[in-house]
Amino acid sequence: MKNILSILMLSLCATFVACSDSDGGDGNPDGGNSVYVPLPGRKVASVKTTSKINGRDYSWEHKFTYDAQGRIKEINSNIQDHINRNGRHYLCNKISTAYYYYNGENLEVDYDISWIFPEDMTMNTRTGNKDFGIFNSDGFLKVFKSVEIGVSSDFEYSGKYLTKAYSDGGFVYELNRSNGDVLGYRLKVDDKLKDDRYSRYGYSANFRNKINMDMSAYFGYWGVEERIYANASPLYASYQLAAFGMLGTTSTHLPISVYNEETNMYEYGTWEFDSKDCPISYTDPSGRKTTITYVD
């Protein structure tokens with residue numbers, strides 16, 4: 001009798017494992033097939049950006065894990081902000097986790113965000129939701145829906161380059177490129193120019209991007225993700241799309257300069273590289289510093 005029970009238990013375990021391994025991506029990020037193909041290059045383990053503004057310290061830290069196919073699987077973020085409430089700045093720690101699920105042409109991102117105010121815990125809040133996207137045959141998102149605020153975005157490509165993004169509410173983002181690099185964007189709302197950053201950013205031909213993450217997208221040079229609820233601003237993003245190649249071909253090189261409208265000149269930042277010729281830090285013209293670590 002014991003032998004029969006043992007066989008039954010082994011059969012049940014085998015069945016469970018087989019089902020888990022073939023899960024279409026709905027609960028098993030490692031098992032879902034997808035038309036999306038991750039960016040090649042050395043895998044980034046984390047990015048952390050720090051800055052001091054008006055005497056207050058700010059930091060944005062994101063840690064990445066990947067699935068068995070090299071796709072972004074999870075992002076854990078720890079962001080230190082200062083929120084202005086009634087003329088007073090309160091320290092706010094934004095803690096978020098995002099999970100990516102792939103299933104054929106479908107993408108699901110589940111996120112959870114907590115805002116913690118150490119100086120006044122009564123202001124603490126938390127939210128979480130699921131956002132959804134559909135990939136085209138090239139493996140790039142053709143539509144993405146931010147469920148929290150009910151905003152849907154459609155993406156227009158020229159070949160494999162993203163050229164425009166349309167969001168509910170009359171928002172249109174027009175991207176500007178040179179030699180494959182995103183120089184910036186122009187935002188129109190109801191056909192009226194809202195923000196013009198069309199030629200604001202510059203790149204160095206000597207600094208080719210060799211990592212699996214697009215830093216120009218991380219810094220917000222594309223603009224197209226700012227309508228996503230979980231991504232209040234580029235560095236505050238709870239998860240990334242363009243940075244991991246989900247919105248078309250990424251920038252070929254590393255960004256190096258920002259146009260200063262007051263001086264009518266480009267101001268330059270400074271990159272540092274490791275022995276593998278991969279970036280480990282970048283200090284932008286404003287003094288804001290970003291450090292990068294790798295999986296290997």
Nearest-0.5 Å distance, OG of residue Ser146 to OH of residue Tyr229: 9.0 Å

Carboxylate-amine/guanidinium contact Lys142 Asp154, below 4.0 Å: no

Contact check, side chains of Tyr99 and Val109, non-hydrogen atoms, under 4.5 Å: no

Pi-cation contact, Trp222 with Arg177 (under 6.0 Å, within 45°): yes

Working for side chain to side chain contact (heavy atoms under 4.5 Å, CB included), residues Asp81 and Tyr58: CA-CA 6 Å; Asp81 192 10; Tyr58 293 76; 3.1 Å; yes

Phe273 and Phe207 aromatic ring geometry - parallel, tilted or perpendicular at 30°/60° bounds: tilted

Side-chain heavy-atom pair Leu141, Leu241 within 4.5 angstrom cut-off: yes

Parallel, tilted or perpendicular, as decided by the 30° and 60° cut-offs, for the rings of Tyr282 and Trp271: parallel

Cluster overlap Tyr166 with Leu247, hydrophobic side-chain contacts below 4.5 Å: no

Geometric class of the Tyr102/Phe135 ring pair [parallel <30°, tilted 30-60°, perpendicular >60°]: parallel

NZ (Lys145) with more than 12 external heavy atoms under 6.0 Å: yes

Salt bridge present between Asp57 and Lys52 (N-O < 4.0 angstrom): yes

Lys94 NZ: over 12 foreign heavy atoms closer than 6.0 Å: yes

Side-chain H-bond candidate by donor/acceptor type, Asn231 with Tyr236, under 3.5 Å: no

Crowding at CG, Asn84 (>12 non-hydrogen neighbours, <6.0 Å): yes

Lys48 and Ser59, any side-chain heavy atoms less than 4.5 Å apart: yes

Salt-bridge present (Arg200, Glu261; N to O < 4.0 Å): yes

Thr163 and Ser158 side chains, donor-acceptor separation under 3.5 Å: no

Note, Tyr259 side chain near Ser257 side chain (heavy atom, < 4.5 Å): no

Residue pair Asp181 / Thr252: nearest heavy atoms and the distance that separates them: OD1-N, 2.8 Å

Residues Asn136 and Tyr157: side-chain donor-acceptor under 3.5 angstrom: no

No-hydrogen, no-angle side-chain donor-acceptor test under 3.5 Å, Glu174 and Tyr198: no

Salt-bridge present (Asp195, Arg186; N to O < 4.0 Å): no

Validation row: Val258, Tyr266 side chains within 4.5 angstrom (heavy atoms): no

Asn176 and Ser199 side chains, donor-acceptor separation under 3.5 Å: yes

Donor + acceptor pair across side chains of Glu61, Asn78 (<3.5 Å): no

Salt-bridge contact Lys276-Asp296 (side-chain N to carboxylate O under 4.0 Å): yes

Ring-face cation of Arg71 near Tyr66 (centre distance under 6.0 Å, axis angle within 45°): no

Salt-bridge contact Lys160-Asp138 (side-chain N to carboxylate O under 4.0 Å): no

Pair Arg42 + Asp274: basic N to acidic O under 4.0 Å: yes

Ring geometry between Tyr221 and Phe219 (parallel below 30°, tilted from 30 to 60°, perpendicular above 60°): tilted

ILVMFWY cluster, Val224 and Val143 together (side-chain gap under 4.5 Å): no

Flag for Tyr173-Ser167: side-chain donor and acceptor within less than 3.5 Å: no

Tyr201-Met213 co-clustered via ILVMFWY side chain contacts under 4.5 Å: yes

Under 3.5 Å side-chain donor-acceptor pair for Tyr100 and Asp110: no

Heavy atoms of other groups near Asn264 CG, more than 12 under 6.0 Å: yes

Closest contact, heavy atoms only, Ile256 versus Ser204: CG2-N, 3.7 Å

Pro38 versus Gly70, closest heavy-atom pair with distance: CB-O, 3.4 Å

Ile228 side chain reached by Glu225 side chain, heavy atoms, under 4.5 Å: yes

Glu148 side chain reached by Tyr111 side chain, heavy atoms, under 4.5 Å: yes

Donor on one side chain, acceptor on other, Thr97 and Asp112, under 3.5 Å: no

Side-chain heavy-atom pair Cys278, Tyr294 within 4.5 angstrom cut-off: yes

Atom of Leu235, atom of Trp60 and distance for their closest heavy-atom approach: O-CD1, 3.4 Å

Over 12 non-hydrogen atoms of neighbours within 6.0 angstrom of CZ in Arg126: no

